[in-house]
Peer 1: 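Before I ask anything, here is the structure I am working with.
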Amino acid sequence: MAATRACLVALVMALTFLFMEDRVTAARMSARSLVQRRREVRSLLRRINKPPVATIQSPDGDVIDCVHISKQPGLDHPLLKNHSIQMRPSYNPRGMPHNSNITPHAITQIWHQNGTCPENTIPIRRTNEEDVLRASSIRRFGKKMPRSFPHFNPTNDTDTPNVLRGHQHAVASAQYDKIYGTKSSFNLWKPWIARGNDFSLTQFWITGGSYNGNSLNTIEAGWQVYPYLYSDSNTRLFIYWTRDAYQTTGCYNLLCSGFIQTSNQITIGGTISPMSTYDGTQYDIDILVWKDRAGGNWWMQVGGNYVGYWPSSIFNYLEDSASTIMWGGEVFSPDAGQTSTHMGSGHFPNEGFGKASHIKNIQVVDSSNCLISPSNVGLITEQNKCYNVQSDNYGDWGTYIYYGGPGNNHNCP
């Protein structure tokens, strides 16, 4: 009996030792993994955060680095090693601006309250270690998920491919043989974000190619609320691009190489102010992106500011022209079940001006470099009881849409 008890004690001690050894080994591996991850994060930050000429602390918590224009991250792209920066577009699109009977209100960025960047520098929102560590992986930091592009034939049934789950759109779309840009006026809101990983955005997509063979090229610009990326719920100006259907190329803002910024006034990824209020004062921001027919670059203008450009050489299909342009809203939620994250104002299009979000003065740039109204505009929404879109053409608003919705509701469980 005593011998049996001694054997059991020895066995328990041996198992305890092995268990503790396994835990120590796992802890050591976890510690090494964490050290390696932080090492990779710091390497990424060295590529993104260039040495500044000056630094501005924004009231919203952002740190804005004024980086010399020749040291910006966009020039690190392998196709831009010997790139000469084009400071201004060669030609602007022709077409008289719309003179709305609604009094325009000045749009600013919060960081302007505490300073400006010197000439020959560009303002870049500093990325910190915590920003990167929130991402699912370092490789996917600052990138959209594959298959986040609106489909032309959306469905409301269960046959929708799993890769589309989580993305919901309410957009207008126009297709062409060749088209060279778009301009629109975006109504500004601060949509409520129901889940920490959700985002809500309003933008246009300029595209060529398709998902077949991962050949989709996009240029995107607008505003978004995305706590997971920015660590707050502020409404921010953003851009995006890809040349392989969101697989490996492209990113938000200046979080990778490619986009060349020229303005010292606009921070891409910076907070925009002020916001529209329900049944109150409305604020809009004008964004124009067009292909400079002389230099070939895709220029972006925000309000009256030339912000910068996407060199045509970083694309394949968009190196020549685009074939589709879309305008509208998108909500993404990676979690199961219908989210309550708002799109636009969080109200449906039928509520109209001052209540539903709008995009007005929608125009496209044709082969003669003229701004014209889009033709044959179609509407796309996957779940119109959650988020919806309506379009029309009227007076000094030109072609416009109302779009958005509350997400989860009694008709959208």
Peer 1: Hey, which of Asn197, Asn408, Asp198 is the one that makes side-chain hydrogen bond (donor to acceptor under 3.5 Å, both in side chains) with Thr339?
Peer 2: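 Only one option passes, and that is Asp198.
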Peer 1: Just checking, any donor-acceptor pair under 3.5 angstrom between side chains of Arg125 and Thr267?
Peer 2: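 Distance-only check fails for Arg125 and Thr267.
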Peer 1: Which pair of non-hydrogen atoms, one from Gly296 and one from Ser312, has the smallest distance, and what is that distance?
Peer 2: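 Closest heavy-atom pair between Gly296 and Ser312: O-CB, 3.1 Å.
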Peer 1: Check the angle between the aromatic planes of Phe186 and Phe204 and answer parallel, tilted or perpendicular using the 30° and 60° thresholds.
Peer 2: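 Geometry flag for Phe204 against Phe186: tilted rings.
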Peer 1: Could you tell me if the ring centre of Trp298 sits under 6.0 Å from that of Tyr309?
Peer 2: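 Between Tyr309 and Trp298, which both carry aromatic rings, the centre distance is not below 6.0 Å.
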Peer 1: Taking atom types as modelled and ignoring hydrogens, do the side chains of Gln203 and Glu220 form a donor-acceptor contact shorter than 3.5 angstrom?
Peer 2: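 Their side chains do contain a donor-acceptor pair, which is all the 3.5 Å distance test asks for.
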Peer 1: Are Trp290 and Tyr180 close enough that their ring centres sit under 6.0 Å apart?
Peer 2: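 So the answer is no for these two rings.
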Peer 1: Considering only heavy atoms from C-beta outward, does the side chain of Ser184 approach that of Gln363 to under 4.5 Å?
Peer 2: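 No. Closest side-chain heavy atoms not under 4.5 Å.
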Peer 1: Just checking, is any N or O donor in the side chain of Gln168 or Gln338 under 3.5 Å from an acceptor N or O on the other one?
Peer 2: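 Per modelled atom types, Gln168 and Gln338 side chains form a pair under 3.5 Å.
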Peer 1: For His68 and Ser70, test the side chains for any donor-to-acceptor distance below 3.5 angstrom and give the result as yes or no.
Peer 2: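 Yes.
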Peer 1: Quick one: sort the Trp241 and Phe315 rings into parallel, tilted or perpendicular, breaks at 30° and 60°.
Peer 2: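 Perpendicular.
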Peer 1: Does one side chain, of Gln86 or Asp292, offer a donor that lies under 3.5 Å from an acceptor on the other?
Peer 2: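 On atom types as modelled, these side chains qualify, holding a pair under 3.5 Å.
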Peer 1: On the ring face of Tyr240, is Lys144 found with NZ or CZ under 6.0 Å from the centre and within 45° of the axis?
Peer 2: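 Yes - Lys144 lies over the ring of Tyr240, closer than 6.0 Å to its centre and within 45° of its axis.
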Peer 1: Just one of Ile272, Ile287, Leu237 clears the side chain to side chain contact (heavy atoms under 4.5 Å, CB included) bar with Trp223, so which one?
Peer 2: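 One option only clears the test, and that one is Ile272.
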Peer 1: How are the rings of His358 and Trp397 set relative to one another: parallel (under 30°), tilted (30 to 60°) or perpendicular (over 60°)?
Peer 2: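 Aromatic pair His358/Trp397 classed tilted.
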Peer 1: Are Tyr387 and His169 near enough that their ring centres are under 6.0 Å apart?
Peer 2: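 No, the ring centres sit 6.0 Å or more apart.
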Peer 1: Looking at every heavy atom in both Ile110 and Ser58, which two are closest together, and how far apart are they?
Peer 2: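 Looks like CG2-OG, 3.6 Å.
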Peer 1: Cation-pi check, Arg88 to Tyr306: give yes when NZ or CZ is under 6.0 Å from the six-membered ring centre and within 45° of the ring axis, no otherwise.
Peer 2: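 So Arg88 doesn't make the cation-pi contact.
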Peer 1: With ring-ring contact (aromatic ring centres under 6.0 Å, His included) as the test, pick out the partner of His342 among Trp189, Phe348, Trp192, Phe199.
Peer 2: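 Exactly one pass, corresponding to Trp192.
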Peer 1: Could you tell me if the side chain of Thr341 sits less than 4.5 Å from the side chain of Pro191, heavy atoms only?
Peer 2: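 Side chain of Pro191 against side chain of Thr341, heavy atoms only: no contact under 4.5 Å found.
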